[in-house]
Amino acid sequence: MLLSLSLLLIVGFILSSLFVRLHLPGLLGLILTGIILGPYVLDLLDPKLLSISAEVRQIALIVILFRAGLTMNIRDLKKNGRPAILMTFLPATFEIVTVILLAPLLFDITTLEAAILGTVLGAVSPAVVVPRMIGLIENGYGKAKGIPQMILAGASVDDVFVIVLFTSFLSMFQGSGFNLLSLLSVPLSIVFGLLLGAILGYVLVKLFKYLHIRDTMKVLLILSVCFLMVALEDGLKDSFPLSGLLGVMALGGVILKLYPLLAKRMNSKFSKVWLGSEIFLFVLVGAATDITALNEAGFAVVLLIIVSLFFRMIAVFLSVSGTDLTVKEKIFTAGAYTPKATVQAAIGSIPLAMGVPAGSLILTVAVLSIIITAPIGATFIDLSHKKLLQK
């Protein structure tokens with residue numbers, strides 16, 4: 001385990017720094033580190049570390065989503081009320097429907113298998129998008145019109161919507177049938193997640209104002225409360241809809257609203273925590289990426305990914321239509337909403353493990369979508385924001 005951790009950090013730092021020197025996103029170096037050190041190439045990572053990979057990646061997501069809450073001013077988000085709501089489900093819906101219609105024509109699979117494939121492909125990656133949007137907010141790019149805030153909020157809810165559809169379609173495959181109540185759980189999980197985060201944020205603000213606690217201890221307490229919300233979501237998933245990750249964002253937002261001075265200090269502390277979390281997150285995403293599945297990748301797989309992304313971007317344009325966004329700002333919004341990584345790495349292999357006939361194809365598409373969209377999407381955001389957004 002110690003050897004694995006040292007290799008993960010040292011090689012990840014070296015490759016990340018190298019990619020930054022080449023004016024490319026550092027996360028590409030981190031994902032490449034995971035692929036090289038992972039079980040499908042050199043196999044140098046301890047199986048014990050890989051067995052808790054999902055939990056470690058979730059901790060990193062919690063850190064960045066809490067930071068997102070600390071930087072997301074609700075007043076800025078209100079400027080894009082309707083578009084912000086549409087961004088949470090319309091792009092993913094367009095992408096899933098495109099895959100359902102196109103995949104059976106390109107491959108020998110059923111409509112239900114295509115639906116499962118569409119939901120695996122349909123989620124945007126908060127791990128790629130959120131830290132970049134936080135950077136734009138802190139540097140003032142697009143902030144006046146609430147563009148980063150809108151993308152940030154949409155990317156977080158988008159995952160909830162897609163994962164609920166994924167589990168529903170898998171239930172249909174297993175013979176349980178399509179449960180309409182599972183779709184109704186999407187808005188309920190959003191509402192209850194935000195409500196729980198707001199309540200706990202209010203309690204923490206009162207506690208921190210009443211008791212003198214060192215900032216380092218505050219970080220540990222906040223992380224503990226965030227872990228508790230995510231654990232509650234997992235524990236109550238069969239009986240009560242709750243989005244723990246949205247609760248984490250709401251917690252940060254309430255602290256920003258009620259105690260701005262603390263929010264500023266906590267953002268500084270959590271930005272340091274993120275430096276380490278980012279390495280673990282993307283290296284372990286790379287390690288979970290089964291590149292052996294790419295043996296089955298052909299032109300049809302690449303075509304499916306490109307066409308589905310095209311319709312996803314059309315849906316983004318429809319979502320922001322009728323707003324005061326310029327054409328350049330709309331292009332940025334559409335491009336920034338394409339990267340895929342964490343969700344695809346997490347659920348891409350599940351259909352194969354559950355015996356879905358198209359499971360191997362689904363895994364191939366998931367892996368290739370990470371390799372294609374994460375680098376292109378991250379690079380697009382990093383290189384285009386100064387030209388397409390107003391500061």
Colleague: Which pairs, with at least one residue in residues 219-230 and sequence neighbours excluded, count as a salt bridge (Lys or Arg N to Asp or Glu O under 4.0 Å)?
Modeller: none

Colleague: Does Glu113 use its side chain to pair, donor to acceptor, with the backbone of Thr110 at less than 3.5 Å?
Modeller: yes

Colleague: Tell me, do Ile347 and Ile350 make a side-chain contact under 4.5 Å, heavy atoms counted?
Modeller: yes

Colleague: For Glu329 and Thr326, indicate whether the former's side chain and the latter's backbone hold a donor-acceptor pair under 3.5 Å.
Modeller: yes

Colleague: Does Phe332 reach the side chain of Ser384, with side-chain heavy atoms less than 4.5 Å apart?
Modeller: yes

Colleague: Is there a donor-acceptor pair closer than 3.5 Å between any side-chain N or O of Glu233 and the backbone N or O of Gly247?
Modeller: no

Colleague: Closer than 3.5 angstrom, by distance alone: can the side chain of Lys145 be matched with the main-chain N or O of Asp324 as a donor-acceptor pair?
Modeller: yes

Colleague: So which atom in Ser53 and which in Leu284 form the shortest heavy-atom distance, rounded to 0.1 Å?
Modeller: OG-CB, 3.5 Å

Colleague: With rounding to the nearest 0.5 Å, note down the distance linking CG in Leu45 to CE in Met1.
Modeller: 10.0 Å

Colleague: Per the salt bridge (Lys or Arg N to Asp or Glu O under 4.0 Å) rule, what does the pair list look like for residues 27-50, sequence neighbours excluded?
Modeller: none

Colleague: Are Val365 and Leu165 connected, step by step, through hydrophobic side chains (Ile, Leu, Val, Met, Phe, Trp, Tyr) whose heavy atoms are closer than 4.5 Å?
Modeller: yes

Colleague: Tell me whether Tyr202 at atom OH has more than 12 heavy atoms from other residues, nucleotides or ligands lying less than 6.0 Å away.
Modeller: no

Colleague: Can you confirm whether Glu55 is buried at CD, in the sense that more than 12 heavy atoms of other residues, nucleotides or ligands lie under 6.0 Å from that atom?
Modeller: yes

Colleague: Drop me the distance from Leu5's CG to Phe280's CZ, to the nearest 0.5 angstrom.
Modeller: 5.0 Å

Colleague: So do Leu262 and Lys218 actually touch side chain to side chain, heavy atoms under 4.5 Å?
Modeller: yes

Colleague: Does CZ belonging to Phe13 count more than 12 external heavy atoms closer than 6.0 Å?
Modeller: no

Colleague: If you count the non-hydrogen atoms of other residues, nucleotides and ligands that lie under 6.0 Å from CZ in Phe240, is the total more than 12?
Modeller: yes

Colleague: Sub-3.5 Å donor-acceptor pair from the side chain of Ser268 to the main-chain atoms of Lys264, do we have one?
Modeller: no

Colleague: Answer yes when Arg265 and Asp215 have at least one side-chain N-carboxylate O distance shorter than 4.0 Å, and no when they do not.
Modeller: yes

Colleague: Can you name the closest pair of heavy atoms from Ser360 and Leu352 and give their distance?
Modeller: N-CD1, 3.6 Å

Colleague: Is the shortest heavy-atom distance from the side chain of Arg67 to the side chain of Trp274 under 4.5 Å?
Modeller: yes

Colleague: Please check this pair: side chain of Arg312 against backbone of Tyr337, looking for a donor-acceptor N/O pair closer than 3.5 Å.
Modeller: yes

Colleague: Spell out, yes or no, whether Ile305 and Val97 are grouped together once hydrophobic residues are joined by side-chain heavy atoms under 4.5 Å, including indirect joins.
Modeller: no

Colleague: Around atom CG of Leu2, are there more than 12 heavy atoms of other residues, nucleotides or ligands at under 6.0 Å?
Modeller: no

Colleague: Identify the heavy atoms of Leu389 and Leu136 that sit nearest to each other, and give their distance.
Modeller: CD1-CD1, 4.0 Å

Colleague: Measuring from Gln58:CD to Ile52:CD1, what's the distance to the nearest 0.5 Å?
Modeller: 12.5 Å

Colleague: Examine Met354 and Ile116 and state if one hydrophobic cluster contains both, with Ile, Leu, Val, Met, Phe, Trp and Tyr joined whenever side-chain heavy atoms are less than 4.5 Å apart.
Modeller: yes

Colleague: Quick check: do Leu15 and Leu30 have side-chain heavy atoms less than 4.5 Å from each other?
Modeller: no

Colleague: Would Phe161 and Ile190 satisfy side chain to side chain contact (heavy atoms under 4.5 Å, CB included), going step by step from the backbone distance to the final call?
Modeller: CA-CA 9 Å; Phe161 174 68; Ile190 292 169; over 6 Å; no

Colleague: To check you understand the geometry: which heavy-atom pair defines the closest contact between Ser277 and Val63, and what is its length?
Modeller: OG-CG2, 3.9 Å

Colleague: Any non-hydrogen side-chain atom of Phe166 less than 4.5 Å from a side-chain atom of Val343?
Modeller: no

Colleague: Donor-acceptor pair, Lys340 side chain versus Leu121 backbone, under 3.5 Å?
Modeller: yes

Colleague: First locate atom CG of Leu232, then atom CZ of Phe192, and finally report the distance between them rounded to the nearest 0.5 Å.
Modeller: 13.5 Å

Colleague: Assigning hydrophobic clusters by single linkage (Ile, Leu, Val, Met, Phe, Trp, Tyr; side-chain heavy-atom cutoff under 4.5 Å), is Phe317 placed with Val327?
Modeller: yes

Colleague: Please find the pair of heavy atoms, one from Pro339 and one from Ala378, that lie closest to each other, and give the distance.
Modeller: CG-N, 4.2 Å

Colleague: Are Ile199 and Leu194 linked, directly or through intermediate hydrophobic residues, by side-chain heavy-atom contacts shorter than 4.5 Å (ILVMFWY only)?
Modeller: no

Colleague: Please confirm whether the backbone N or O of Val124 pairs with a side-chain atom of Asp158, one donor and one acceptor, at under 3.5 Å?
Modeller: yes

Colleague: Starting at CD1 of Ile213, measure out to CG of Leu220 and round the result to the nearest 0.5 Å.
Modeller: 11.0 Å

Colleague: Should Phe310 and Thr98 count as side-chain neighbours, where that means a heavy-atom distance under 4.5 Å?
Modeller: no

Colleague: For a 4.5 angstrom cut-off between non-hydrogen side-chain atoms, does Leu27 reach Leu281?
Modeller: no

Colleague: Restricting to non-hydrogen atoms, name the atom on Met313 and the atom on Ala334 that form the minimum distance, rounded to 0.1 Å.
Modeller: CG-O, 3.9 Å

Colleague: With ring centroids as reference points, do Tyr259 and Phe208 lie under 6.0 angstrom apart?
Modeller: no

Colleague: How about Arg21 and Ser17: does a side-chain donor come under 3.5 Å of a side-chain acceptor?
Modeller: no

Colleague: Do any N or O atoms from the side chain of Thr379 and from the backbone of Ile376 form a donor-acceptor pair under 3.5 angstrom?
Modeller: no

Colleague: Could you walk me through whether Ser239 and Leu236 pass the side chain to side chain contact (heavy atoms under 4.5 Å, CB included) test, one step at a time?
Modeller: CA-CA 5 Å; Ser239 56; Leu236 299 174; 4.2 Å; yes

Colleague: Walk me through it: do Val307 and Leu102 pass the test side chain to side chain contact (heavy atoms under 4.5 Å, CB included)?
Modeller: CA-CA 9 Å; Val307 173; Leu102 185 60; 3.8 Å; yes

Colleague: Is the backbone of Ile163 close enough, under 3.5 Å, to the side chain of Thr167 for a donor and an acceptor to pair up by distance?
Modeller: yes

Colleague: Take Met87 and Thr333 through the side chain to side chain contact (heavy atoms under 4.5 Å, CB included) test and state the conclusion after the steps.
Modeller: CA-CA 10 Å; Met87 290 275 284; Thr333 305; 3.6 Å; yes

Colleague: What do you reckon, is NZ of Lys328 surrounded by more than 12 foreign heavy atoms closer than 6.0 Å?
Modeller: no

Colleague: Within this structure, what is the CZ-CG distance for the pair Phe19 and Leu28, rounded to the nearest 0.5 Å?
Modeller: 5.5 Å

